[in-house]
Amino acid sequence: MPGMARRNFALESVICVVGAAANNLRNVSLEFPKKSLTVVTGISGSGKSSLVLDTVAAEAQRLVNDTYPSFVRNRLPHMPAPEVQSMSGLTFTAIIDQRRFTGNARSTVATASDIAPLLRLVFSRIGEPSAGYSPAYSFNDPAGMCPECEGLGSVVDIDVDELIDPEKSIDEGPVRFSQFRPGTYRWKRFAYSGLFDRAKPLKNYTNEEMGLFLYAEQHKPPKPDPRFPKTARFDGVVTRLRDVYVKNRPAKISQQVHRELERVTAHGVCPACDGARLNVAARTSLVEGRSIVDWSAMSVAELRELLDTVDDPRVEPALAGIRHTLDALLSVGLGYLSLDRESSTLSGGEAQRVKIVRHLGSALTDITYVFDEPSTGLHAADVQRLNQLLLKLRDAGNTVLVVEHHPQVIRIADHVVDMGPGAGSDGGLVQFEGTPEKLLKSGTVTGRLLSTPLELRRTARKPRGHVRVVRASAHNLGGFDVDIPLGVLTAVTGVAGSGKTSFATDELARQQRDFTVVGQEPLGGGVRSMALSVLGVADGVREAFGAVSGLAPAWFSFNSKGACPACRGKGYITTELAFLDDVATPCEACGGARFNPTALGTTLDGHTIADVLRMTAGPVAELFSDRADIAEPMMWLERVGLGYTAVGQSLDTLSGGEKQRLLLARHLSASSGFAEEHIVLDEPTTGLHPGDVDRLVVLFADLVDRGATLVVVEHDLRVVAQADHVIDIGPGAGTDGGRLVFTGPPAALVSRANSLTGRALKEAVAG
């Protein structure tokens, strides 16, 4: 029609970002092509996640949430608008990140991957004898769960010896649990019940009195104290503890109560179902001679082989669905997992791959899928299969945005965005946009590293001796013997699930006690802890501020006198909305600084304590150059590759690899010498750009040259190529792994055709 504007197809084919300024981004403007695979790369801390996750994905999710009615919006997470001038072309966005599953014991790989409903359907239709409809095979449904453990597979009971002090009377507080101390609500229940002599030690109670005190259920006291509620009933201490803290654990409990619960409770396998979770009827219903418990206990690879022998037209659609999902799990290198494994025990990388599988085969199209370093924890052989899944999502008519360092993922991209040039305040700019081929010729840090073939260490350092690990048999290990050279860098390699971590962090550390394991275990403290406190220098910083102000050091701690009174040192205010999600908003009183005006009134060379916590390691070391106890740990923080993170950043915002490198920095800064250091590292390059990996390799070489022994569990071929010695475990994962494939220098590994690591290393060296 005359006057009608033509559609601008060029604009509709891209996601357009104008003036992005989240975190360290510096007014970034660019376009992401739709229905293409775009990889955003750059050194660690350059702004990749700020651009993709904190800008594109955050705005897309916020806009989608705004389309729901207010009733629904109030039950969704509240997200502020990102710092960007304008955006267009956004679609529904699914974020597939590395956050671990938060599911409890009732969530398994089967439920997380959506296989569980299909399994239950198969057994309800052709299982003999039938236990009933599908719910009868679910441990999360009363019809199928074991009545003893209520479908958990384990029972938790109270350790009475830990809970009760028999030497004390009720007035003295005989219950070793803070919620029952004298004067509390629960203490008053048994103190005012009139059932017990409050001055008599519990050790002098009769069996009947002790049974009543511990295990009474809804007992009506005949002559209670007037202060006892008139209509109330008395429950014993153990009964009350079970009901409140074991059977129905509160959603929010303090760390102190959590520690107390760990102390007074004992966990064990359910004696009724032997950990199977299901009742007798579900456990004895068989298909091809196996129960649903047997199917779930098998590895993904084993179950896939079994399903090739199951042929029944009554359930063929369900069987086809199970096979499809199992094939997808195999394709992302998760064939070693069993379906009954609790999803909360999966690593971040494993959880991310399970999430990918859930999206494969979806009927939805024109979705934007955002991946945050999906190659984390994957061997080069597994990355190839990951790439196939990313391409499948793209070819189904979707837009795929991937934050990634891995060269194999970058090479398959349709479009590459390289961020930099540095990290933190030195980053936040687009260095390159274009094809992977053009990136190799771009001259950027990423381009130069990717275009240069790996070089193998040709001359290995001479070990000063060996220690031997005998009959390594933890988890899937096959009981092999192997020597570990001392005074050199040893890389332990193999596909995900091959047993390399079990070997290095379990068997080696157990048999050779002088090896210190620096792993990716959780760091305590959460939002209240930071790098400065982990490194043990926070007190020194506070003392320095105290010295120039005349105030006690506690005034410069947001966990003590210096805390902002409004937010209590958190930097934000949390509003609890009963059954709705909590809402967190920046504290208006301190502007997120976490400190009160008294603390912020003191400056050191023009910097407040809040300014220091926002600094990275380099500036902090310069500010406190006259104090070796502060400057030296900052140097180690830089050397382990964490120079881009703020020293006051909360620990709960760090990745697993970042936490491990922080622990390594702490270990090294506390060491007086390295001649006798024996250190085991579990995938320390997690989340690192190749340039940062090279810096870490230089650190490893320096430590070894000083006399340390390093055993590094690693997938990154840049580390493997520069190792003095390689121990390759495999050849596959799970039951197909656990065997010693190769031991020797990397130059010899490339000629081993039976080693997947050797093949990948050979390709990387060839360029």
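Numbers for residues simply follow the sequence, beginning at 1. Values reported hereafter were calculated over all heavy atoms of this structure, with side chains retained and with hydrogens, waters and symmetry mates removed.
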Within 6.0 angstrom of [X] [atom1], more than 12 heavy atoms from elsewhere:
| X | atom1 | result |
| --- | --- | --- |
| E316 | CD | yes |
| R471 | CZ | no |
| D159 | CG | yes |
| E162 | CD | yes |

Legend entry - Backbone N/O of F123 and side chain of Y137: donor-acceptor pair under 3.5 Å: yes
Inset, instruction - Would you please classify the geometry between the F480 ring and the F503 ring as parallel, tilted or perpendicular, with 30° and 60° separating the classes? - result: tilted
Which pair of heavy atoms, one from [X] and one from [Y], lies closest together, and at what distance?
| X | Y | value |
| --- | --- | --- |
| F213 | I164 | CE2-CD1, 4.1 Å |
| A297 | S338 | O-CB, 3.6 Å |
| T399 | K35 | OG1-N, 2.8 Å |
| I15 | T368 | CD1-OG1, 3.9 Å |
| A112 | R358 | O-CD, 2.6 Å |
| S124 | S134 | OG-OG, 3.5 Å |

Legend entry - SB check R510 E507 (cutoff 4.0 Å): yes
With rounding to the nearest 0.5 angstrom, report the [atom1] to [atom2] distance, [X] to [Y].
| X | Y | atom1 | atom2 | value |
| --- | --- | --- | --- | --- |
| R385 | H379 | CZ | NE2 | 10.5 Å |
| E150 | R277 | CD | CZ | 13.0 Å |
| R394 | L389 | CZ | CG | 13.0 Å |
| L334 | L346 | CG | CG | 8.0 Å |
| I729 | L477 | CD1 | CG | 6.0 Å |
| L326 | L339 | CG | CG | 6.5 Å |

Do the side chains of [Y] and [X] get nearer than 4.5 Å, heavy atoms only?
| X | Y | result |
| --- | --- | --- |
| Y133 | R120 | no |
| L306 | W295 | yes |
| V264 | L241 | yes |
| L401 | V56 | yes |
| H267 | V156 | yes |
| F371 | L390 | yes |
| N140 | M145 | no |
| T501 | H475 | no |

Exercise: do [X] and [Y] side chains pair donor with acceptor under 3.5 Å:
| X | Y | answer |
| --- | --- | --- |
| T91 | D366 | no |
| E404 | S375 | yes |
| Y336 | T735 | no |
| N387 | Q408 | no |
| T376 | T686 | no |
| S755 | D728 | yes |

Legend entry - T93 and V370: CA distance, side-chain angles, deciding distance, side chain to side chain contact (heavy atoms under 4.5 Å, CB included) verdict: CA-CA 7 Å; T93 299; V370 172; 3.7 Å; yes
Inset, instruction - Assess whether side-chain hydrogen bond (donor to acceptor under 3.5 Å, both in side chains) is satisfied between E714 and T493, documenting all intermediate values. - result: CA-CA 6 Å; E714 193 53 75; T493 62; over 6 Å; no
Legend entry - side chain to side chain contact (heavy atoms under 4.5 Å, CB included) assessment of L319 paired with V122: CA-CA 7 Å; L319 290 173; V122 169; 4.0 Å; yes
Inset, instruction - Name all residues meeting the salt bridge (Lys or Arg N to Asp or Glu O under 4.0 Å) criterion together with K355; count only those two or more places apart in sequence or in a different chain, and write none if there are none. - result: D97
Legend entry - Which residues share a salt bridge (Lys or Arg N to Asp or Glu O under 4.0 Å) with R341, sequence neighbours left out: E350
Inset, instruction - Mind checking side-chain hydrogen bond (donor to acceptor under 3.5 Å, both in side chains) for D327 and listing every partner two or more places apart, or none if nothing turns up? - result: R304
Legend entry - Verdict with supporting geometry, S291 and R283, side chain to side chain contact (heavy atoms under 4.5 Å, CB included): CA-CA 6 Å; S291 69; R283 299 200 306 270; 5.5 Å; no
